[in-house]
J.: 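Once you've had a glance at the structure underneath, I'll fire off some questions.
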Amino acid sequence: MTNIERHNYDVVVIGAGGAGLRAAIEARLAGKKTAIISKSLFGKAHTVMAEGGAAAAMGNANSNDNWMVHFRDTMRGGKFLNNFRMAELHAKEAPDRIWELETYGALFDRTADGRISQRNFGGHEYPRLAHVGDRTGLELIRTLQQKIVSLQQEDYAATGSYESRIRVFAETTITELFVEGGRIAGAFGYYRESGEFVLFEAPAIVLATGGVGKSYKVTSNSWEYTGDGHALAMRAGATLINMEFLQFHPTGMVWPPSVKGILVTESVRGDGGVLRNSEGKRFMFDYVPDVFRKQYAETEEEADRWYTDPDNNRRPPELLPRDEVARAINSEVKAGRGTPAGGIYLDIASRRPAEFILKRLPSMYHQFKELADVDITKQPMEIGPTCHYVMGGVEVDPDTAAAAVPGLFAAGEVSGGMHGSNRLGGNSLSDLLVFGKRAGEYAARCADETTKRVKVPAATLNAAVENALAPLGRGEGGENPYTVHGELQQVMNDLVGIIRRRSELEESLGRLADLKERIKKVGVGGGRRYNPGWHLALDLRNMLAVSECTAKAALEREESRGGHTREDFPQMDPDWRRVNLVCSLQGEDVRLERKALPTMRSELMRLFDRAELAKYLTDEELADFDAAAE
Ligand code: FAD
């Protein structure tokens with residue numbers, strides 16, 4: 001009989017990035033016994049890597065900013081496919097969540113008169129990103145961890161144990177969620193170091209596991225982004241939406257090959273950096289789509305004036321939303337105007353003094369100096385698109401963050417809907433604070449309301465152990481997990497990448513079906529003690545499930561919108577804007593359904609010009625809008 005460590009909690013939070021930590025703080029503040037589980041070391045999550053900042057309409061840098069402008073920008077960025085209620089809550093609550101962080105001890109950069117400084121970012125009408133140099137995520141995580149430590153100190157004073165009400169289980173991977181009697185009953189996983197198994201029984205679980213980038217070959221994401229939360233949710237009976245929408249960040253490093261994909265923050269462009277092709281042309285002026293033409297400068301002179309006089313000039317086209325910039329770079333490289341390493345030049349050296357660059361972008365300076373031996377105060381950077389963020393995720397109730405399975409909640413990058421078809425930079429850090437808090441609050445309420453706690457039956461537990469041990473049982477004679485992972489990444493990169501076509505998407509589904517069979521035969525040598533091959537073997541089925549969702553939804557959606565570009569359907573189609581593609585699992589197969597998007601409330605609709613709405617809405621929707629306005 002395999003030994004299994006057992007724990008009982010009111011709320012279990014899976015993930016220790018910004019969303020998970022904020023949820024855990026809220027659950028603990030509501031008096032719940034809370035566990036935080038993290039696959040990586042505590043403190044190492046993607047949130048730490050966030051460079052540019054957190055978007056919140058505080059109006060510090062421009063007093064014209066407010067939640068309505070932020071809401072409009074977010075909806076525009078998402079091409080109106082966002083869950084409007086999430087975008088509304090996000091825009092309204094983000095400033096409070098940032099201010100609250102300062103009460104926890106965060107120290108954001110300041111304006112000359114002592115307010116929180118805010119910087120420009122793509123798609124945001126006003127400077128809106130609260131930041132700490134280019135290390136904002138680090139400060140965010142440091143502060144949330146500090147708050148957790150202070151809560152643990154309170155608990156020690158009250159109970160004599162630091163871990164009596166909030167405990168962190170680091171380097172612990174969850175592989176299964178248990179549902180009993182139609183509701184969440186617990187989570188099962190293993191300690192990465194010892195390989196020992198652990199069961200957490202709880203009536204409420206918050207998924208905060210982040211994204212899926214490791215299914216792609218070129219990505220800014222690190223090893224733990226294997227879509228675990230997405231797959232766990234589906235296997236528990238919840239649904240995913242918008243999985244066709246992946247954000248390819250326009251500026252990843254392209255050289256040297258060993259670091260290809262690592263992010264170059266958008267702040268480089270926000271602070272004056274421009275994109276040039278191999279002929280030296282500042283090409284973004286050629287790629288401003290009609291829907292954005294009114295907001296973006298037509299000449300270099302106007303664009304350059306905007307940095308010092310934003311009220312009387314329009315924004316530079318380098319600050320278009322990420323999907324637009326990534327597609328433009330892709331087109332320039334394809335047309336033979338790329339750099340030697342297959343990218344484009346990002347130049348801040350010729351536009352800003354060295355002291356400015358070193359002060360505003362210290363991490364970027366070090367990243368290029370150390371990894372590529374490039375001094376960005378003297379030379380341009382070579383950059384290109386990299387898989388960065390998944391807009392798709394667990395379908396949740398906007399107010400409570402509840403998923404379709406009672407007791408299951410999701411927040412942060414693992415949840416879907418908030419960003420529609422494309423996320424604006426800076427909107428993730430604010431998203432995870434707003435909805436992390438909400439998820440923690442409602443998970444705590446759920447724990448209160450669950451009077452009868454269900455035990456996980458022994459047979460269910462045994463099956464989870466058996467699943468986890470299967471790759472070790474097959475030993476080295478099985479399929480090699482690294483080979484299979486490499487092939488999966490290549491399929492997704494080549495056939496479900498930034499520009500998609502029917503024939504390639506169909507081919508990808510055939511290749512994924514083959515890989516699914518091979519994953520069942522993956523085997524690894526060695527034992528359970530720190531065995532990365534075994535860990536990858538267990539992650540593979542998650543990556544495959546989410547990749548299948550992405551490929552299926554990308555084939556189904558016959559239009560181009562945000563992070564989904566079909567070469568064979570290059571336009572946005574207003575009828576498709578009304579549709580969410582919803583993925584669920586039937587046995588092992590991904591089922592795809594169409595579901596109508598919720599209709600935006602009329603007072604929110606009226607925040608937009610009719611002319612702008614006409615670019616996105618169907619005639620029928622416009623007629624309703626006109627009728628309501630009369
Ligand atoms: P994460 O912070 O990634 O945390 C996920 C957690 O889940 C981790 O603790 C992980 O170990 C854990 N986990 C995963 N699977 C399991 C499992 N099976 N069992 C247990 N634990 C598990 N956004 C912005 O708004 N502004 C920026 O400036 C910005 N810059 C970025 C720069 C980079 C390089 C990258 C990669 C992203 C950036 N983003 C930015 C995006 C943003 O950082 C992420 O979307 C966000 O931090 C995600 O937070 P999260 O809490 O949802 O997940």
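Residue numbers run from 1 in the order of the sequence given. First listed ligand is number 1; within each ligand, the first listed atom is number 1. Just so it is clear, the model here is predicted, and its values are computed rather than measured.
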J.: In terms of atom number and element, which parts of ligand 1 are under 4.0 angstrom from non-hydrogen atoms of N427?
T.: 25 (O)
J.: For ligand 1, which part of T172 has a heavy atom less than 4.0 Å away: the side chain, the backbone, both, or neither?
T.: backbone
J.: Once you restrict to heavy atoms under 4.0 Å, what part of V48 touches ligand 1? Side chain, backbone, both or neither.
T.: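 The answer is neither; V48 stays 4.0 Å or more away.
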J.: Hey, is L263 touching ligand 1 through its side chain, its backbone, both or neither, going by heavy atoms under 4.0 Å?
T.: side chain
J.: For atom 26 (N) of ligand 1, state which one of A187, S428, G211, G53 supplies the nearest heavy atom.
T.: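 That would be G53.
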J.: Would a 4.5 Å heavy-atom cut-off, applied to side chains only, mark M492 and T550 as touching?
T.: yes
J.: Should you measure from each heavy atom of G17, which atoms of ligand 1 turn up under 4.0 Å away?
T.: 1 (P), 2 (O), 4 (O), 6 (C), 9 (O), 51 (O)
J.: Can you find a non-hydrogen atom of T136 under 4.0 Å from ligand 1?
T.: no
J.: If you measure from each non-hydrogen atom of L432 to ligand 1, which part falls under 4.0 Å: side chain, backbone, both or neither?
T.: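 The answer is the side chain of L432.
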J.: Backbone, side chain, both or neither: what part of L429 comes under 4.0 angstrom of ligand 1, heavy atoms only?
T.: both
J.: Mark up the atoms of ligand 1 that fall under 4.0 Å of a heavy atom belonging to G426, in ascending order.
T.: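 So the answer, numbered in order with elements, is 24 (C), 25 (O), 26 (N).
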J.: Where's the contact between E266 and ligand 1, heavy-atom distance under 4.0 Å: side chain, backbone, both or neither?
T.: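 It is neither; nothing of E266 touches ligand 1.
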J.: Please list, in number order, the atoms of ligand 1 under 4.0 Å from a heavy atom of I14.
T.: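 Under 4.0 Å from I14, ligand 1 has these atoms: 19 (N), 20 (C), 21 (N).
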J.: For atom 6 (C) of ligand 1, tell me which residue out of S38, A208, S430 has the closest non-hydrogen atom.
T.: A208
